[in-house]
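Let me begin by presenting the structure, written as structure tokens, before commenting on it.
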Amino acid sequence: MTDAINRRRFLKVLGVTGAGAATLSACGIGPEPTERLIPYLVQPEDQVPGIATYYATTCRECAAGCGVRVRVREGRAVKLEGNPDSPINRGRLCARGQAALQGLYNPDRIPHPMIRNARGVLEDIDWDGAIQRLTAKVRESQGKGIVFLTGAEQSTFGDLIDEWLKQIGGRRVSYEPFGFEALRAGNRMTFGTTAVPTYDFANAKYILSFGADFLDTWLSPVEFQNGFTRAHAFDAGRPASMAKFVYVGPRLSVTGMNADEWIGARPGTEGMLALALAQVIVTQHLARVPADASRLSSLLAGYAPRAVATAIGIEESVIVRLAKEFASSGGGLAVAGGMATQGPNGAEIVAAVNILNYAVGAVGTFVKFGAELAIGSTNTFGDIATLIADMAAGKVGLLFVHGTNPAYTAPGAFPQALGKVAYKVSFASFMDETTAACDLILPDHHALEQWGDSRPRAGVTALQQPVVQPVFDTRHAGDVILKLSGKAGTFQDYLQAKWKTKHAANFDQYWMESLAKGGIYAEAPARAVRLAPTAARINPAAPAVSTAQEQDVVVFPHPILHDGRGANQPWLQELPDPVSKISWHSWVEVHPDTAARWGLATGDFLLLKSAFGAQKFPAWITPSVRPDVLAVPTGQGHTAYGRYAKDRSANAFELLGAQANGYGGRNFTVRATATKTGEHRKLATAEGSPRELGMGTTEVLALSRAKALHPGDHPFHYEETPEYAKEAVAWWAERQHEKASHGNYKGEHPRWGLAIDLAKCTGCSACVTACYAENNLATVGEELMQRRREMAWLRLERYWRTDAHGTVQGAVIEPMLCQQCGSAPCEPVCPVFAAYHTPDGLNGQVYNRCVGTRYCSNNCPYKVRFFNWYNYAERGGEFEAFPEPLSMLLNPDVTVREKGVMEKCTFCVQRIRGAQHQARIENRAVKDGDIVTACQQTCPSDAIVFGDLNDRNSRVYELAGNPRGYHVLAGLNTKPAITYLARVVDQETPRNG
Amino acid sequence: MVLILALPPVVANGQQAPVASSRYKAPVISDTGALKGPRQPIFFRHDIHAGQDQIPCMYCHYSAAISTEPGLPSLQTCFGCHQLISGSTPSHQAEIKKVRDAWRDRKPPEWIRVYALPGFARFPHMRHIKALGTQSCTTCHGDVQHTPQIEQVSTLRMGWCIQCHIKNNVSRDCSVCHY
Amino acid sequence: MSPTLRLPGSVRELFSPPPKPGVLGVFGHLDTTIAAIKQLREAGHTDFTVYSPIPRHELEDALAQPVSPVRMFTLIGGIAGCAIGAWLSLWMSEDWPIQVGGKPIGSIPPYVVIMFEMTILFGALTTILGILLNAAFAARRAGKIMYDPRFTNDRFGIFVPAEAGKAPKVESILRSAGAEEVRRG
Amino acid sequence: MTYDYVTRTIARTLGTPSRGYFLLLAGAVTLLAIGIITLLFLLRYGLGLAGYSHPVYWAVFITCFVFWVGIAHSGTLISAILFLFRSGWRTAVYRTAEAMTVFAVMTAGLFPLIHIGRQWYFYWLIPYPNERGLWPNFKSPLIWDEFAIGTYFTVSTVFLIMGLIPDIAAVRDLATGWRKKLYAITSIGWTGSNEQWRHYSRGYLYLAALATPLVLSVHSVVSWDFAMALVPGWHATLFAPYFVAGAIYSGVAMVITLLVPIRYIFRLEELITIKHFENLGKLCLLTGLIVSYSYVTENFIAWFSGDEHERAAFWYRAFGPFWWASWTMNICNGLLPWLLWFKKVRTNITALFVISIFVNIGMWFERYVIIVVSLAGEPYTNWTNAVYNPTWADWGIMAGSFGWFFMWFLLFVKNFPAVSISEVKEVLPPPRRGRVAASR
């Protein structure tokens with residue numbers, strides 16, 4: 001693209017003011033102001049140059065339907081933040097949500113409609129032409145079978161599609177690669193309903209997860225994570241206590257990492273374990289079991305702990321103890337899903353867990369039917385299989401694809417079948433595997449450019465409004481369909497009309513309010529469920545034990561890239577996987593013992609050959625997986641989709657079959673042979689030593705000890721000075737302080753500080769991506785990641801946590817960022833004062849003064865300073881991080897760093913200054929809570945608190961005095977401004993690595 | 001600039017000082033080539049608008065007092081008046097016609113930037129106006145009210161900023177402007 | 001430097017002083033040179049110049065020269081350097097007070113290094129200056145006098161300024177002392 | 001041996017160069033060219049071309065910097081300190097050592113400029129009055145460095161020139177043609193008159209007196225670049241003496257490496273005798289032992305302190321991924337010098353030459369170990385321990401530095417007396433009439 005075109009499009013996107021233009025051209029920190037200023041034609045009344053406007057809309061990165069507020073500056077969306085009004089995410093957001101911006105401004109988006117010409121090549125076409133062609137196609141293929149394939153689309157748009165399909169005689173199939181068939185089938189068995197209930201983690205007192213990764217990929221992660229930390233965090237609003245969390249599963253996921261105890265049950269036996277627990281509870285009357293549970297006694301009789309212990313692979317005593325704990329907690333909640341329920345007996349496992357819940361009376365209290373989740377309404381994989389069959393049989397004449405990419409998630413079968421379809425139309429924004437095979441491409445607006453709504457759960461309708469001008473020559477699929485169906489008006493009108501039907505009385509006001517709030521949020525009435533007769537007949541039989549040459553391979557959804565839809569967003573590619581810390585590549589998890597047996601080292605390639613396909617993955621040797629299990633994430637291995645995703649590693653879906661299993665689900669646990677290929681790859685990992693080795697960076701407390709702490713205790717206090725020297729030292733420090741308080745440093749100043757609660761942090765990594773978004777961090781790509789040159793100001797250090805026997809029980813995650821030390825080692829060594837101490841207690845880093853001696857980084861014990869080895873903002877440079885139009889999401893308030901300068905966490909100084917400006921304009925002082933750092937704002941578990949340590953009434957001041965509080969490497973007397981609150985584990989003698 | 005700081009508070013509150021420029025009559029410019037500063041697509045004369053007609057700066061640069069950015073008036077703002085005002089002299093009419101054409105063609109003029117800071121320096125206009133008053137624009141932008149064509153009158157170099165900060169005894173902390 | 005010193009009109013003049021008539025004796029041996037020096041001094045000559053390829057204490061003793069004033073240069077230079085170092089580091093710190101690592105704005109311990117280095121630097125430079133100036137002024141006092149290239153190799157020499165009248169007497173002294181060769185210029 | 005013989009022998013070294021000389025020079029210039037090209041690449045694309053990897057933010061460049069500063073030390077030691085100690089044997093070797101010093105400092109001085117991220121702003125480290133009103137941070141060891149190195153360069157240069165003046169005068173009086181003009185100017189009217197000698201010898205004495213503490217200070221300051229930081233393996237009070245000893249050690253080794261060929265090529269056997277080499281050998285042995293002692297102390301204190309970070313750091317050093325570097329250093333610097341206990345070895349030119357080469361290698365690795373390995377294995381946060389490999393850019397710059405150094409050195413030895421004429425004469429018995437009173 002020539003600059004001229006860039007510029008024109010750029011002008012189209014923003015009715016630019018100077019500021020907008022300046023920041024975009026301000027690549028590097030050299031003075032490069034815009035030479036031209038283009039005024040608005042008409043000033044948008046809700047936008048003032050230099051002041052951000054926030055628009056409420058809905059995140060469509062996954063089906064959870066979190067509310068977001070988009071920060072818009074001079075017509076550019078520069079940051080996503082959670083919408084506090086939304087009951088789903090309560091103002092929080094996950095990494096994938098943060099990265100939605102990179103979908104909006106992605107350089108690989110399809111810029112205009114395309115059509116396959118006679119030679120079979122895709123060529124450009126104008127919209128009118130495209131729509132004419134399509135109208136014709138629709139007419140001629142009526143009766144020949146029309147199918148509209150969408151993602152989870154519980155929305156007015158979905159309704160529109162259905163209406164239109166009724167009109168032209170077609171059917172809609174909605175497809176989520178990681179569907180919840182097992183959940184629905186299991187619920188049908190036990191309660192006679194296929195609804196997917198919501199789970200109230202917040203009030204549970206004991207959480208037992210059978211493979212359900214509710215913190216990263218299961219149903220509604222942000223919502224659940226928020227709830228989970230309320231329950232699981234130590235003294236989170238409740239008298240010192242925490243809900244114990246036990247994780248049952250073959251490998252540790254993000255969710256598993258946070259468990260107090262990890263039960264590595266053999267895959268497939270989770271159901272047996274659940275029933276065993278229920279058996280103990282019922283027979284020993286540990287809980288007030290509902291009357292009708294007696295029907296189950298015959299079923300449970302077969303699952304006495306002694307009988308099933310060996311099959312499950314854990315001691316009988318453990319089962320009994322768990323049952324006792326679970327029941328006696330008086331608030332036990334068990335959830336089943338994810339890896340546990342993706343085998344052939346998944347539905348039974350869910351049913352078994354339902355029974356366990358039912359036995360302790362969790363159903364109705366924590367498992368809430370009534371407020372069903374929309375995700376449950378998608379078609380099953382069985383339906384997809386039939387669709388594929390129909391397509392292959394040529395029974396589909398016209399196929400529309402919107403918001404899903406089955407050619408990637410169902411490789412082999414689907415692409416073949418696709419070939420048999422006469423005419424294929426895609427509404428995708430990216431040239432993904434499916435779209436590449438289509439005949440007509442009508443690029444849809446990005447979610448942030450379009451009107452729409454979605455109903456993530458009963459009672460909640462989240463609104464979507466365009467927050468920026470369309471970046472490319474795209475059109476709302478709704479508008480297209482309306483045109484096709486010959487209806488007048490745009491989709492916006494359609495949407496409003498639909499809403500009017502629900503609420504006619506002074507609609508406009510209602511509409512505006514809903515827009516401002518981001519939707520309408522109502523509590524759906526609870527619905528009581530009773531045990532269905534089928535419940536007593538379930539049989540969660542365990543599959544056969546895997547033999548030496550055949551391994552159980554668990555294919556699990558990548559917590560960041562999920563089913564691969566995130567693979568073309570550099571932020572998500574660069575973000576290390578929370579567990580493996582590997583980025584830009586896929587991997588296979590191998591237990592050290594297995595690795596030793598096979599003579600395998602991290603990075604050696606394993607060829608996995610299943611009945612359906614074979615793929616190569618580099619091994620990651622980790623104690624977080626069962627010895628007899630190999631685990632592979634999805635997400636990578638795209639053959640199309642975009643520059644960041646294409647030809648990167650291998651596609652784990654290749655290993656899976658396209659057949660539906662008994663309950664209409666898909667088997668994600670397959671048997672495969674693993675052979676060393678001899679190849680090796682240096683993985684781009686952020687992981688250093690996986691063990692903390694008692695160097696005193698992380699602290700872990702047993703619950704018993706934590707409970708014993710009183711206000712004023714300092715279990716981790718590091719005594720720097722002996723008693724006799726205290727007075728002298730104090731006097732000396734005072735003198736030093738006086739000598740240091742000249743000029744700007746005179747008088748009272750705030751001391752900005754942070755408190756990070758390790759008991760809350762789950763390692764979900766949302767904060768990291770938020771930091772990338774807020775502070776214009778460059779993504780450096782795999783090659784430089786391999787050389788440890790990532791720019792992440794905030795990294796999550798994951799140290800394995802073991803029990804007394806040294807077996808891994810989970811992990812402690814420590815967010816490590818600039819500690820803004822009171823007496824910082826980095827400052828005095830800088831020859832030019834580029835690193836210096838600000839009056840308000842920050843370690844200032846003046847980019848434009850920095851000459852790049854890098855001494856500061858050498859002298860930083862926390863190693864949180866990062867150097868610009870190349871000019872990552874260089875147009876067309878080898879390591880360009882913001883290719884047009886990605887550069888449009890650069891934060892205008894933050895300098896884009898040039899090559900050769902050091903950078904580090906600034907505590908979002910631009911937000912601090914912004915708040916101070918605002919306060920000054922309003923003639924008031926900055927209040928506690930005015931300033932919210934990007935990481936704090938997005939943290940789904942509210943683990944980070946920012947504030948003024950000199951303000952006795954601030955939240956952070958209170959937390960800094962918490963007995964669990966400690967400073968990392970306090971012994972170095974760096975006086976950090978960040979207080980970490982020790983991780984609390986419900987365990988006898990936890991060890992941090 | 002000393003004069004500006006010394007002005008009576010009534011001026012600092014935004015009203016025009018009657019003595020200051022009520023008698024001021026913008027000169028007729030015959031030779032525009034002789035003027036300093038870049039030639040703009042439209043020969044917009046601050047001395048006529050701000051000086052002779054005494055339109056307050058904030059009328060067009062409306063966001064300067066509330067935002068970091070002074071804001072550039074949208075074409076609508078120009079047209080708002082020039083719908084009616086078509087100019088007295090032919091030369092004026094010619095320029096005003098450009099405005100109307102631009103509005104008709106929905107094609108805003110591309111002004112040439114005169115005052116620009118490097119990307120790494122922040123200048124929150126509202127803070128400075130808050131401190132120095134609404135008339136203080138002239139502190140940095142010169143006597144705009146009597147300048148036919150805007151030119152850069154201050155260096156905008158760091159030393160220049162610092163001197164003023166020292167004189168007014170405000171913070172010299174680096175992170176006030178650089179982040 | 002003697003108080004009666006008249007500063008030269010121009011630098012040019014400094015480096016090419018007016019020629020002086022006199023007698024030059026070339027010696028092959030150290031002891032003969034010393035003997036000649038002694039006799040000349042007895043004869044009341046004081047302002048003669050002795051050439052030698054190397055510095056010898058015998059010569060210095062025979063000439064009974066005062067100690068070179070260069071040391072004053074070194075001393076003053078050193079002190080000045082130290083002061084400049086102190087001013088540099090302290091004043092510049094206070095000029096724009098910037099706090100680093102919680103240390104005092106102007107803290108002496110780290111600045112000692114600067115002071116020390118500046119002491120050495122200025123000390124050395126002024127010493128060189130001292131040598132050059134002193135030698136230059138000495139040369140100027142002596143005026144443009146006779147020289148023989150062998151003096152930097154293996155010969156010693158004595159030049160005695162003398163008008164035509166006194167010259168023969170000087171020559172005889174030099175000869176008697178054992179000069180290999182005596183020239184008049 | 002007469003004065004005349006000395007003058008002519010040394011003057012002979014300035015004769016028309018052989019083809020071998022030009023080959024050497026060409027080699028040096030080629031290396032320099034490589035370095036310059038590499039530098040251009042670094043300037044255009046950034047330091048990323050070098051092997052840096054978080055948290056190893058200082059590597060080969062700083063290693064070379066310290067290495068060259070170290071080399072620079074023996075020169076002034078031999079010329080100044082031994083001058084004060086009135087040790088006669090220095091006269092024959094000090095000129096070479098001093099020239100080496102000056103050029104080594106010139107080389108070392110380049111590295112801080114090359115290794116910074118924005119080389120074009122190097123002058124921000126200099127306290128010059130500027131429009132912004134900003135000054136450098138005198139608390140930063142890097143600024144100390146700048147002053148120390150700057151002073152050292154200036155002083156050692158003038159020291160070298162001062163020593164040269166009488167000799168240049170001597171060759172001036174022998175030379176003819178353009179060379180005569182050159183020497184006539186550079187000898188600034190030296191005649192060897194009693195007045196000149198009087199001020200000269202005094203001044204020289206004071207210069208020596210000033211240079212002596214300077215030598216000791218410079219490498220102490222360099223060592224503080226590390227000792228002032230809190231990196232385990234850097235943060236040790238031992239560093240100043242340890243570095244100074246190491247510097248002299250490497251310097252003396254380099255002197256031997258340079259003298260052997262010079263002596264051979266210029267046929268200076270009678271001026272530079274075995275005795276000189278033996279003394280250098282002894283010096284080498286002494287400093288070598290101090291260095292070895294420092295190694296032992298370092299490790300002992302790391303263990304004795306009981307600080308787990310210190311312990312971890314030194315364990316990593318010895319048995320971590322960089323074990324090979326550490327053991328190269330220990331063997332070359334710790335064990336080899338013990339050979340010098342034997343007179344046979346000390347008086348065997350070949351043996352000395354070989355040992356000196358190994359010592360140079362060992363000392364380079366010492367700096368590599370201290371800088372790279374300490375950073376790579378910094379145990380404060382286990383999370384960040386790096387894998388570091390130098391790239392072509394690192395080697396390119398290093399090659400360039402050697403080219404730069406040898407180019408200057410070769411040019412020097414052909415154009416100025418590489419052995420002091422006047423001082424060699426000083427230690428000879430002066431010519432006297434008859435053989436009488438040879439007693440002196």
Side-chain angles (χ1 to χ4, degrees), chain C residues 15 28-32 49-56 58-60 63 65 67-71 73-74 78 85 88-89 92-93 95-96 98 100-101 103 107 110-111 113-114 116-118 120-121 123-125 127-128 130-132 134-135 138-139 141-142 147 149-154 178, chain D residues 2-4 7-8 127 133-141 143-144 147-148 150-151 154-155 158-159 162 166 169-170 172-174 188-204 206-207 209-211 213-214 217 221 224 421-423 425-426 430-433 436-437:
Chain C
F15 287 110
H29 308 288
L30 181 61
D31 44 5
T32 49
T49 307
V50 178
Y51 295 105
S52 65
I54 55 161
R56 297 293 310 187
E58 294 93 327
L59 293 171
E60 284 176 23
L63 288 163
Q65 293 168 320
V67 181
S68 161
V70 169
R71 50 184 177 176
F73 284 80
T74 315
L88 210 62
S89 44
M92 285 181 178
S93 308
D95 180 43
W96 186 323
I98 295 179
V100 287
K103 295 175 168 50
S107 79
Y111 297 169
V113 180
I114 307 293
F116 173 81
E117 298 296 343
M118 294 302 264
I120 304 286
L121 181 62
L125 292 178
T127 310
I128 303 297
I131 298 169
L132 293 179
N134 283 304
R141 270 202 305 284
Y147 170 72
R150 289 170 294 170
F151 294 154
T152 53
N153 180 3
D154 58 351
Chain D
T2 68
Y3 283 5
D4 184 49
T7 320
R8 300 198 176 281
L134 290 166
W135 305 109
N137 171 11
F138 290 98
K139 297 188 190 80
S140 167
I143 296 291
W144 306 349
F147 274 76
T151 308
T154 325
V155 172
V158 296
F159 204 53
M162 283 311 285
R172 170 198 63 196
D173 294 341
L174 295 177
I188 50 173
W190 181 266
T191 57
S193 71
N194 55 338
E195 276 292 319
Q196 287 178 337
W197 278 123
R198 173 172 152 238
H199 302 303
Y200 177 87
S201 32
R202 259 300 134 165
Y204 198 81
Y206 291 129
L207 277 181
L210 286 170
L214 181 61
S217 80
V221 170
W224 291 335
I421 297 173
S422 59
E423 295 212 22
K425 287 178 189 167
E426 274 186 56
R432 292 168 194 279
R433 172 181 290 163
V436 285

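Proteins get letters first, then strands, A, B, ... in listed order; numbering begins at 1 in each. Predicted model only: the values in this text are computed from it and were never measured.
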Residue part contacting chain C, namely of [X], when any heavy atom lies under 4.5 Å:
X: D/P213; answer: both
X: D/I188; answer: side chain
X: D/T191; answer: both

Contact class of [X] relative to chain D, heavy atoms under 4.5 angstrom:
X: C/T74; result: side chain
X: C/L132; result: side chain
X: C/V113; result: side chain

Closest-packed option against chain D by number of heavy-atom pairs under 4.5 Å, given [options]:
options: C/I98, C/L125, C/D95; result: C/D95
options: C/V70, C/L59, C/N153, C/T127; result: C/N153
options: C/S89, C/G78, C/A135; result: C/S89
options: C/S93, C/G123, C/P53; result: C/P53

Per side-chain hydrogen bond (donor to acceptor under 3.5 Å, both in side chains), C/S68 is matched among D/H199, D/R198, D/E195, D/R202 by D/H199
Between the CD atom in D/Q196 and the CG atom in C/N134, the distance rounded to the nearest 0.5 Å is 11.5 Å
Here the gap from C/E60 atom CD to D/N194 atom CG, rounded to the nearest 0.5 Å, amounts to 9.0 Å
In terms of heavy-atom contacts, D/M162 and C/I131 come closest through CE-CD1, 3.4 Å
Closest heavy-atom pair, C/Y111 versus D/F138, reported as atoms and distance to 0.1 Å, is CE2-CB, 3.4 Å
Answer whether the closest heavy-atom distance between the side chains of [X] and [Y] falls below 4.5 Å.
X: C/P55; Y: D/Y200; result: no
X: C/F116; Y: D/T151; result: no
X: D/T154; Y: C/L121; result: yes

Query - Verdict with supporting geometry, D/L174 and C/T152, side chain to side chain contact (heavy atoms under 4.5 Å, CB included) - result: CA-CA 9 Å; D/L174 295 177; C/T152 53; over 6 Å; no
Would you say D/W197's side chain and C/S52's backbone share a donor-acceptor pair under 3.5 angstrom? yes
- Under the side chain to side chain contact (heavy atoms under 4.5 Å, CB included) rule, what do C/L88 and D/F147 come out as? Steps first, then yes or no, please. CA-CA 12 Å; C/L88 210 62; D/F147 274 76; 3.7 Å; yes
